[in-house]
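Working notes, beginning with the structure itself.
Proteins get letters first, then strands, A, B, ... in listed order; numbering begins at 1 in each. Small disclaimer: the values here were computed from a predicted structure and weren't measured.
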There are 2 protein chains.
Amino acid sequence: MSTTSVRDVARHAGVSVGTVSNVLNRPDRVSPDAVDRVQRAIEELGYVRNDAARQLRAGRSTTIGLVVLDVSNPFFAEVARGAQEEAAAHGFTVLLGSSDEDAERELSYLDLFEKQRVHGVLISPNGDVDERLRRLRSRGTPAVLVDRRSEDGSLSSVAVDDVAGGRLAVEHLLESGRRRIAFVGGPAGVRQVADRLLGARAAADGVDGAGLEVLETASLTVLEGRRAGEEIAARPAEDRPDAVFAANDLVAVGLLQALVMQRSLRVPRDIALIGYDDIDFASTAVVPLSSIRQPSRLIGETAVQLLLGEAGDPGKPPQDVVFQPELVVRASSA
Amino acid sequence: MSTTSVRDVARHAGVSVGTVSNVLNRPDRVSPDAVDRVQRAIEELGYVRNDAARQLRAGRSTTIGLVVLDVSNPFFAEVARGAQEEAAAHGFTVLLGSSDEDAERELSYLDLFEKQRVHGVLISPNGDVDERLRRLRSRGTPAVLVDRRSEDGSLSSVAVDDVAGGRLAVEHLLESGRRRIAFVGGPAGVRQVADRLLGARAAADGVDGAGLEVLETASLTVLEGRRAGEEIAARPAEDRPDAVFAANDLVAVGLLQALVMQRSLRVPRDIALIGYDDIDFASTAVVPLSSIRQPSRLIGETAVQLLLGEAGDPGKPPQDVVFQPELVVRASSA
DNA sequence: GAACTCTAGTGAACCGATTCAGGGTCGGGC
DNA sequence: GCCCGACCCTGAATCGGTTCACTAGAGTTC
């Protein structure tokens, strides 16, 4: 185990350990000559800094912990990317964990982060972690919620206005002349679903002759979407909605598949369709899918900014940043 | 910063720091009474172990670094999941990084891992990192390649036999009576694409009257697949293949979309279709897609096992594990 | 030339968990 | 009564990078 330490470097360069450390951290305080000798020594010995020792002395690491519900979900993948980039720009690293919607896993990541004396925690929580995060914060480790607000406003958060998103989608359908709108999504207990429906309802309520029907699904998957689509396709024409707002793009893709199979039905002629999230697949569907886009990368970046802001000034009051979603119109609702 | 240390716990419990450490690591060597007092003290003080100090002393961390080409690719998401689970079972944690096919990013993750004195590195390499990994190994940090072999056999690897996968796909098409096969995928320089084509060709060569046409695409995306599909659909019937093997499922989905739009064509009646990777979307496509499944989770698990094996016995010769892919038949080729 | 300021560099102390040589106690064997 | 082993516990030393009080020497000021 040829672990070269600052002491070895110092000896090899003919300086003291303090000088080596200064070269590494504040080269301006060291004479050019010494900088040179130390750097050559580092090169020759193949020295690599030991982060553990550094962190031990510093009291906290330069790592930011991020726990998302599911890495393979493109939304979170983008959030993670944004966070990573913003963190890197400030010299931090992101430790990424996927809770897979499992409360136990979620807690085990928080345990790990705490043991690692992480600089801060970003989390899109699944279970009830507010208590846990407050404890972290009381020890000097700030936490920022992603895609959810803290219940009592004691933690900062970055989220998207899902109510506005729902409104945006249905307003768009109404503007293109549709009146019999169906909302497909579920379970109703999920906050995102509930908020999108709330916005949808608000938009529909504002227009004369507009009706909003709700088809609840068991989950937000292609299969569930198709099931709902088949149900709709099987109805007599006079009972069918003339537009469908799906709570996410997967559901919309399923709906689209079911509707396209029914040769007598056309999208968007007979039924307009709009999804939510604007995943990559949306634009490449048989009929390119209209959708509501969330600034996912920006969410990640902002979360890191809030976090570093709090880390720099522990007394700072929590802040809630809410982004507005954006309507993306494609063929499925044109 | 109320950082409680073992010393605080020891004082509070009326024992020595050594005993506290023993309670934490080898409770069997401590009297039940002392275990009890220490645990109560830990509880009361809210003590959390400092991993940095632990790692500093131990010389290496209990973390395994994993660099994948792209987290949002379901294949790698599964590999990561498998690795995470296997690692957790041995008390290790996985630090996940996504290189996004950027060689610089890839190296910066390796830098980080080296500074962190990671226990080992798993990587699905993009750039040329063999040199770098050998340096790591010479310092006692083993590395295992994922989804690629090492060029000179000096590193262990876990991969899937893509030649066999290509053969499997085309054999299946041939068995169901097809003879005019088209291979769609690219760029040809990508090893996975080349291997799958190699297998496809081997299968086609073995059967009388069978022909294999190659349509190269610029990338493995839905859009490129659709482009190829439109080209095929536009041909006169006698020039069309009666089966298509797509180099991955995204391409297959694009092909399927283009073929389905052409109302006179039916999948699989006129053209059978098979993809590769068996992503979630494959089974939920309009016509459920046949595909070649790779044991992605198992790859992750195995990679961790190889890694820990090498970490335990540095002299161990490198090992190449090759998994066999599996044919999944669905409606698109039935 | 005494007093002062700068700059560059030194090295012991420190962070906190783990290890290990050493010591105390008790019961059993002879 | 003495010795031995088993058992439990102690606390100083250690890992390696950073910090900080301090020294040395060169340059400035009055």
Checking the side chain of D313(B) only, and the main-chain atoms of G315(B) only, is there a donor and an acceptor separated by less than 3.5 Å? yes

Phosphate-side-chain proximity, Y47(A) and dG17(D), N/O vs OP1/OP2 below 4.0 Å: yes

If only side-chain N and O atoms of N25(B) are considered, is one of them under 4.0 Å from the OP1 or OP2 phosphate oxygen of dA17(C)? no

By the 4.0 Å heavy-atom rule, please label V20(B) as base, sugar-phosphate, or nothing. nothing

Give the C-alpha distance, both sets of side-chain angles, the deciding distance and a yes or no for salt bridge (Lys or Arg N to Asp or Glu O under 4.0 Å) between R297(A) and E78(A). CA-CA 5 Å; R297(A) 188 177 292 229; E78(A) 272 303 294; 3.1 Å; yes

Taking atom C1' of dT18(C) as reference, at what distance in whole Å does atom CG of L24(B) sit? 10 Å

What is the distance, rounded to the nearest whole Å, between atom CZ of R11(A) and atom P of dG9(C)? 19 Å

Less than 4.0 angstrom between a side-chain N/O of S16(B) and OP1 or OP2 of dT10(D), yes or no? yes

Base, sugar-phosphate or nothing for S21(A)? Non-hydrogen atoms, less than 4.0 Å. base

Just compare dC9(D), dG9(C), dG16(D) and give me whichever is closest to any side-chain atom of A34(A). dG9(C)

Nucleotide nearest V17(A) when distance is taken to its side chain, options dG17(D), dT18(D), dA17(C): dT18(D)

Would you please say whether a donor-acceptor pair under 3.5 Å links the side chains of E114(B) and T141(B)? no

Has the side chain of R137(A) got a donor or acceptor atom that lies under 3.5 Å from a matching backbone atom of S154(A)? yes

Are R134(B) and D152(B) ion-paired here, with the side-chain N under 4.0 Å from a carboxylate O? yes

Length of the line joining D28(A):CG and dC6(C):P, which is rounded to integer Å: 17 Å

Below the 4.0 Å mark, does dC8(D) have OP1 or OP2 next to a side-chain nitrogen or oxygen of N22(B)? no

note: D33(A), atom CG; dG9(C), atom C1'; distance rounded to Å ~ 12 Å

Could you check R57(B) against R117(B) and say which one's nearest nucleotide on DNA chain D is further toward the 5' end? R57(B)

Any R26(A) side-chain nitrogen or oxygen under 4.0 Å from OP1 or OP2 of dT19(D): yes

Is the phosphate of dT10(C) approached by T19(A) (side-chain N or O, under 4.0 Å from OP1 or OP2)? yes

Nearest-Å distance for atom pair CG/C1', residues D51(A) and dC15(D): 15 Å

For dA17(C), does OP1 or OP2 lie under 4.0 Å from any side-chain N or O of R49(B)? no

Using atom CD of Q55(B) as one end and atom P of dG16(C) as the other, report the distance to the nearest whole Å. 15 Å

Reckon S31(B) has a side-chain N or O less than 4.0 Å from the OP1 or OP2 of dC9(D)? yes

Salt bridge flag under 4.0 Å for residues R148(B) and D320(B): no

For L56(A) and dC15(C), give me the distance from atom CG to atom C1', rounded to whole Å. 4 Å

Starting from C1' on dT18(D), measure out to CZ on R29(A) and report it in whole angstrom. 12 Å

